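What follows is a single structure, written as structure tokens, with notes after it.
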Protein chains: 2
Amino acid sequence: MMRIVIIEDNKTLARGLSHRLKDIGHAVDLLHDGSDGDSFLADEGADLVILDINLPGKDGLEVLKNLRGRGDNTPVLLLTARGETKDRVTGLDLGADDYLVKPFEAEELEARVRALARRRNTDGGAPIKVGKLQFDRGARRLFRDGAAMELPRRELAVLECLIDRRGQLVPKRTLADHVYGLGTEIEEKVIEIYISRLRKRLEGHGLKIRTARGLGYYFEEEE
Amino acid sequence: MMRIVIIEDNKTLARGLSHRLKDIGHAVDLLHDGSDGDSFLADEGADLVILDINLPGKDGLEVLKNLRGRGDNTPVLLLTARGETKDRVTGLDLGADDYLVKPFEAEELEARVRALARRRNTDGGAPIKVGKLQFDRGARRLFRDGAAMELPRRELAVLECLIDRRGQLVPKRTLADHVYGLGTEIEEKVIEIYISRLRKRLEGHGLKIRTARGLGYYFEEEE
DNA sequence: CGTGTGTTGAAAGCTTGCTGAAAGCTTGGA
DNA sequence: TCCAAGCTTTCAGCAAGCTTTCAACACACG
């Protein structure tokens, strides 16, 4: 599962992509305007950006430039219209990871997304910002201003799961499955213990784990 | 992106690899014969060579020997059939950087390619500084202020693996695979012994091997 | 050949600190 | 107010890791 941001002004195409990607289990945010996309990425971040070049508000290449300018290495998949060869090359030079020429097959897109997802899982890609912390997925390590924070295995697993789904409500069941593996008949009460321990540990690091009674947990960045 | 040369006579396999690697953005050249491969490498060079051992024309090991004989340090990933243990060892002695035992998962291959790519990006052949020591990855030798430190084979292998992934959490399994080769059913307990020996040896050289219980080990520079 | 030096990994006992059950407390909602 | 859901601390048990010892082996050298 990845958090994918699609920035594409053709709404039919955008909705089609979104639908397809949600189908295969990703969380998708949709923006139709370059400036909106830019600020969304700056605020929320993502695991993968699908970025059109021709956009109202702010050009896709500019969005990309800003992103990289912020030191953000999130993989970017460019969408270009046929003939925009020059833009595509510029895009790759600006640090895009891949591109697709419109029109393309949904299959083709999915293959690219998979390739980028795979890369993320093993290489880590960009560390994810949460509050004042950074989490490196590949290394499975947590940092604060470059200094490592160690956490025990189970706490790490819970945190990892919450980070993967930041911005979403995560049921205790999901957390338990992530920590112990699917199908393990584990008391969900144990998760509460780890939530408690994590809260204590995360204190003062600019993020809170909030409870939604009867539903699950979710992150909230503070300050 | 890397320029990858695949020398592999099984055309189905070779095409599969090529396709996969192009998918993730590399430029691939395909050769099916040892002599062809040899001269191609001599003429064109590459960023990475994926080399089968059993080849028509000229044996893969010979291709490798010639390559290194020309003073060429291009990373080489060997492909070996199950059971060719001796060849594999010879290959590593001849200066191969890694190997895969057939049949392997495409995922696995991609991970290795990425690892070698990363290595290329960070090293460039220069010795790596860790704490007060320098590690020459090509020569597989360790120095302190220009003076060589000799370590036994196994300890060196563990250290090498940790250096490759410095800053990352390295599971014992990964270390075991690196030291003994993939799939060897070796007790992970042995790794603990080598960690212990390495710690003693590295004492006072400005770096520590830290334990993350249940997760693995990682380096930490001190002072 | 024999001797010495060095490496290897199994075994065993020790240390550490993670884990999750239990129990009692707090909170939010009806 | 009451109850269910969630929170938090405590603690015994234990799994994971550490370290030393030792026998087997490998190799260099006389």
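Throughout, a chain's letter reflects where its sequence line sits, starting with A, and its residues are numbered from 1. Source: prediction; values computed, not measured. Just so it is clear, the values below take in all heavy atoms, side chains as well, and ignore hydrogens, waters and symmetry mates.
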So does B/Tyr180 get a side-chain nitrogen or oxygen closer than 4.0 Å to the phosphate oxygens (OP1/OP2) of C/dT8? no
What's the closest nucleotide to the A/Val190 side chain, out of D/dC18, C/dG20, D/dC7? C/dG20
Rounded to whole angstrom units, what separation is found between the CG atom of B/Leu198 and the P atom of C/dT8? 11 Å
Nucleotide D/dA4, atom C1' - distance to CG of A/Leu215 in whole Å: 14 Å
Interatomic distance, A/Arg210 CZ vs D/dG6 C1' [rounded to whole Å]: 14 Å
From CA spacing to verdict: salt bridge (charged side-chain N to carboxylate O under 4.0 Å, His left out), A/Arg173, A/Asp177: CA-CA 6 Å; A/Arg173 182 73 260 149; A/Asp177 285 347; 3.2 Å; yes
For the CZ atom on B/Arg15, are there more than 12 heavy atoms of other groups (residues, nucleotides or ligands in this structure) within a distance under 6.0 Å? no
Classify the side chain of A/Arg213 and the base of C/dT27 as holding, or not holding, a donor-acceptor pair under 3.5 Å. yes
Between B/Leu151 and B/Lys189, which residue's closest nucleotide on DNA chain C lies nearer the 5′ terminus? B/Leu151
Of the candidate nucleotides C/dA22, C/dG9, D/dT20, which contains the atom at the shortest distance from the side chain of A/Ile193? C/dA22
Taking only side-chain nitrogens and oxygens of A/Tyr217, does any of them come within less than 4.0 Å of OP1 or OP2 of D/dC7? yes
Return the nearest nucleotide to the side chain of A/Arg154; candidates are C/dT19, C/dG17, D/dT20. C/dT19
With a 4.0 Å limit, can you tell me whether A/Lys172 has a side-chain N or O closer than that to the phosphate oxygens OP1/OP2 of D/dG6? yes
Starting at atom CD of A/Glu150, determine the distance to atom C1' of C/dC18, rounded to an integer number of angstrom. 13 Å
For A/Glu155 and C/dG17, what is the distance between atoms CD and C1' respectively, to the nearest whole Å? 12 Å
Against the six-membered ring of A/Phe135, is A/Arg141 placed for a cation-pi contact (under 6.0 Å from the centre, within 45° of the normal)? no
Going by atom types only, do B/His178 and B/Glu160 share a side-chain donor-acceptor pair under 3.5 Å? yes
With respect to the side chain of A/Pro152, which nucleotide from C/dG28, C/dT19, D/dC7 is positioned closest? C/dT19
Heavy atoms under 4.0 Å, any strand shown: does A/Arg153 hit a base, just sugar-phosphate, or nothing? sugar-phosphate
Counting only side-chain heavy atoms from C-beta out, which of D/dG6, D/dC18, C/dG9 sits nearest to B/Arg197? C/dG9
Could you pick out which residue, A/Gly214 or B/Thr211, lies toward the 5' side of DNA chain D when each is mapped onto its nearest nucleotide? A/Gly214
With no hydrogens and no angle check, just 3.5 Å: does a side-chain donor-acceptor pair link A/Glu150 and B/Tyr218? yes
When rounded to whole Å, the CD to P distance for the pair B/Glu192 and C/dT15 reads 16 Å
What is the distance, rounded to the nearest whole Å, between atom CZ of A/Arg199 and atom C1' of C/dT27? 12 Å
Round to a whole Å and report the spacing from CE of B/Met149 to P of C/dG6. 15 Å
Mind checking if A/Lys200 touches a base, just sugar-phosphate, or nothing, with heavy atoms under 4.0 Å? sugar-phosphate
Supply the atom-to-atom distance A/Leu142 CG to A/Arg201 CZ, rounded to the nearest 0.5 angstrom. 9.5 Å
